[in-house]
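Before any comments, here is the structure.
Predicted, not measured: the structure shown is a model, and the values here were computed from it.
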Amino acid sequence: MNNPSTSSPAPNNTAGQPTDVVIVGAGIVGLAHAAHAVANGLTVTIIERDHHAAGASVRNFGHCCITAQSGELYELAQTSRKYWLEFAERAGFWASESGAVVLARTEAEMNVLRELSAVREPGQVELLSPAGTRDRLGAAVSAADQTHDDGTHHGAWPGLVGGAFLRDDLRVDPRTTVAKLAEWLSQQPGVELHWNTAALGFDGNADGVTVQTSRGELRAKQVFVCVGHDVDYLFPDLAAEHRIQRCALQMSLAAKPSGAEFTPAVLTATSMLRYPAFTDMPAAAALHSEVSEKQPELLDIGANVMFTQRPDGTVILGDSHHYHHTADPFLDEAVTATLNTEITGRIGEPLEILQRWQGIYASSDVAPILVRETQPGVTVVSVTSGVGMTLSFGLAHRNVSRLS
Ligand SMILES: Cc1cc2nc3c(=O)[nH]c(=O)nc-3n(C[C@H](O)[C@H](O)[C@H](O)COP(=O)(O)OP(=O)(O)OC[C@H]3O[C@@H](n4cnc5c(N)ncnc54)[C@H](O)[C@@H]3O)c2cc1C
């Protein structure tokens with residue numbers, strides 16, 4: 001059961017005692033619910049239709065974007081931060097309190113950062129000079145890396161007018177986190193994890209819930225259905241009501257650049273046009289006008305130009321946003337080229353692309369999260385706004401706390 005490459009025996013527990021909780025989906029949202037349920041002393045059965053998790057949770061930047069949330073999402077994100085760090089220690093996966101750096105190349109960009117810094121507690125959004133920005137990124141200074149008398153800089157991180165350090169953001173490694181968390185969970189007392197086992201339907205009443213799966217039936221007191229963007233497969237009416245679409249993103253992995261080694265996530269102007277804490281600032285309107293005038297190609301592809309470096313030095317590059325009910329699998333090379341050219345210019349050296357992939361997450365213009373009890377004991381949970389890594393442990397904490 002612990003080895004994702006092996007198939008699982010049938011999880012038919014109908015003859016025995018029901019599990020306290022069944023979790024459907026072994027992405028980060030499902031596993032975070034499982035982790036909190038275990039911490040509360042509950043018995044848990046996790047089912048995942050694939051042989052190992054391969055959804056949004058392994059395809060993203062691994063950036064827990066705490067600081068740039070606002071309102072309810074900010075509260076959830078801060079709770080999440082606490083539990084990301086706690087479960088990283090318990091389950092042994094990498095999580096770094098490295099923060100994030102926002103690169104600014106124009107005054108319009110700096111103005112957004114200044115406004116956000118002014119409304120947050122001191123130190124949470126630290127404004128940086130060009131040299132301070134490069135320092136925060138631990139710029140390795142190469143022979144070609146020099147600042148001229150007129151202040152212009154050549155080499156790593158060129159063209160900066162400044163930046164900001166977002167203290168509270170975290171980094172995790174999307175390629176390893178969910179596998180390590182799943183493995184740790186499967187070793188905890190009272191936990192069963194069944195790969196290659198799909199949920200097909202649910203029958204909930206006052207006595208509990210029966211889950212029909214591709215390997216038999218399960219019984220539980222409570223079921224959390226955490227299937228990411230695939231809510232419409234199991235609950236088409238709910239997906240239609242919440243107007244869930246699939247947001248498809250184009251991503252690349254670059255080899256370790258010679259002159260750049262950085263743990264903070266790196267955000268740019270288009271990031272400030274997407275995350276609510278930035279878009280809430282009055283200066284965001286002028287920034288939007290500037291980007292639409294100077295780089296409309298970025299807005300055309302819904303770009304959030306950002307990148308993160310993995311512990312092995314490779315760099316995750318992205319991203320674009322295109323919305324569909326069913327996403328076409330074909331990656332448009334012009335979109336990837338636009339993103340990667342922009343990032344190459346930011347880092348200041350050519351990048352060797354090793355991999356490209358499509359990521360998909362659930363998106364809704366109704367609300368950024370969906371938590372809905374569809375029948376007694378069956379709760380559907382989906383982050384419908386592209387920040388599921390950020391919110392996962394906070395949302396799960398809130399949902400699981402409500403059980404007792
Ligand atoms: C390219 C990209 C970049 C992103 N960057 C970030 C970021 O930097 N920060 C951030 O906070 N968020 C980011 N996100 C969003 C984040 O990755 C998602 O919101 C989050 O991973 C969703 O987690 P999940 O567990 O709900 O979904 P998933 O990881 O997709 O997991 C759902 C699981 O459910 C399983 N499943 C589906 N149907 C069934 C069934 N019937 N029975 C059993 N199992 C089933 C699937 O196989 C899958 O493993 C990004 C997303 C993408 C695609």
Side-chain angles (χ1 to χ4, degrees), residues 1-58 91 178-239 362 370-382 392 396 399-400 403:
M1 201 73 68
N2 298 352
N3 183 346
S5 65
T6 59
S7 63
S8 307
N12 193 331
N13 72 359
T14 43
Q17 290 297 311
T19 318
D20 291 322
V21 180
V22 164
I23 308 280
V24 180
I28 194 61
V29 173
L31 296 183
H33 280 76
H36 280 295
V38 168
N40 285 8
L42 301 172
T43 55
V44 180
T45 301
I46 307 162
I47 59 169
E48 163 59 49
R49 71 177 174 201
D50 278 322
H51 292 263
H52 61 91
S57 302
V58 301
V178 282
K180 287 199 172 164
L181 182 54
E183 188 182 351
W184 177 78
L185 280 165
S186 69
Q187 291 162 357
Q188 302 310 301
V191 176
E192 283 190 29
L193 172 50
H194 300 276
W195 302 105
N196 186 215
T197 304
L200 306 174
F202 308 90
D203 185 9
N205 57 45
D207 297 331
V209 186
T210 301
V211 184
Q212 289 93 38
T213 85
S214 52
R215 292 178 181 272
E217 290 189 342
L218 289 166
R219 293 276 300 157
K221 294 179 191 157
Q222 171 68 43
V223 179
F224 288 110
V225 184
C226 306
V227 295
H229 50 272
D230 287 339
V231 174
D232 58 347
Y233 291 175
L234 290 166
F235 302 95
D237 294 338
L238 175 61
L370 169 67
V371 178
R372 178 75 65 84
E373 187 169 50
T374 57
Q375 52 187 295
V378 179
T379 303
V380 175
V381 184
S382 179
S392 51
N399 290 337
V400 172
L403 291 182

Considering only residues two or more places apart or on different chains, which pairs with a residue in residues 26-41 satisfy salt bridge (Lys or Arg N to Asp or Glu O under 4.0 Å)? none
Determine which pairs satisfy salt bridge (Lys or Arg N to Asp or Glu O under 4.0 Å) with at least one residue from residues 20-39, sequence neighbours left out, and list them in order. Asp20-Lys221
If you round to the nearest 0.5 Å, how far is [atom2] of [Y] from [atom1] of [X]?
X	Y	atom1	atom2	answer
Leu31	Cys226	CG	SG	9.0 Å
His52	Glu183	NE2	CD	14.0 Å
Thr210	Asn205	OG1	CG	7.0 Å
Trp195	Ile46	CH2	CD1	8.0 Å
Gln188	Thr43	CD	OG1	13.5 Å
Leu218	Ile47	CG	CD1	6.0 Å

Going through the distances and angles, do Gln222 and Val400 end up as a side-chain contact (heavy atoms from CB on, under 4.5 Å)? CA-CA 10 Å; Gln222 171 68 43; Val400 172; over 6 Å; no
Using the side-chain contact (heavy atoms from CB on, under 4.5 Å) rule, take Leu185 and Leu193 through it: C-alpha gap first, then chi angles, then the decisive distance, then the call. CA-CA 8 Å; Leu185 280 165; Leu193 172 50; 5.6 Å; no
By side-chain contact (heavy atoms from CB on, under 4.5 Å), Ala53 pairs with (sequence neighbours left out) Val178
Does Val380 have any side-chain contact (heavy atoms from CB on, under 4.5 Å) partners at least two apart in sequence or in another chain, and if so, which? Val225, Val231, Phe235, Leu238, Leu370, Thr374
Report the C-alpha separation of Asn40 and Leu403 in whole Å, then their side-chain angles, then the decisive distance to 0.1 Å, and conclude whether the side-chain contact (heavy atoms from CB on, under 4.5 Å) test is met. CA-CA 10 Å; Asn40 285 8; Leu403 291 182; over 6 Å; no
Does any pair with a residue in residues 24-36 pass side chain to side chain donor-acceptor pair (under 3.5 Å), and if so which ones, sequence neighbours excluded? His33-Asn399
Of the non-hydrogen atoms in [X] and [Y], which two are nearest, and what is the gap between them?
X	Y	answer
Val21	Ala220	C-CB, 4.3 Å
Ala37	Val44	CB-CG2, 3.6 Å
Leu181	Ala91	CD1-CB, 4.1 Å
His194	Glu192	NE2-OE1, 2.7 Å

Donor-acceptor check, side chain of Glu48 to backbone of Gly25, threshold 3.5 angstrom: yes or no? no
Donor-acceptor contact present, side-chain Ser57 to main-chain Ile28, <3.5 Å: yes
Quick one: does [X]'s side chain get under 4.5 Å of [Y]'s, heavy atoms only?
X	Y	result
Phe202	Val22	no
Thr45	Val211	no
Thr213	Val24	no

Residues forming a side-chain hydrogen bond (donor to acceptor under 3.5 Å, both in side chains) with Asp232, sequence neighbours excluded: Arg246
Passes side-chain contact (heavy atoms from CB on, under 4.5 Å), Arg49 versus Asp230? Steps please. CA-CA 12 Å; Arg49 71 177 174 201; Asp230 287 339; 2.7 Å; yes
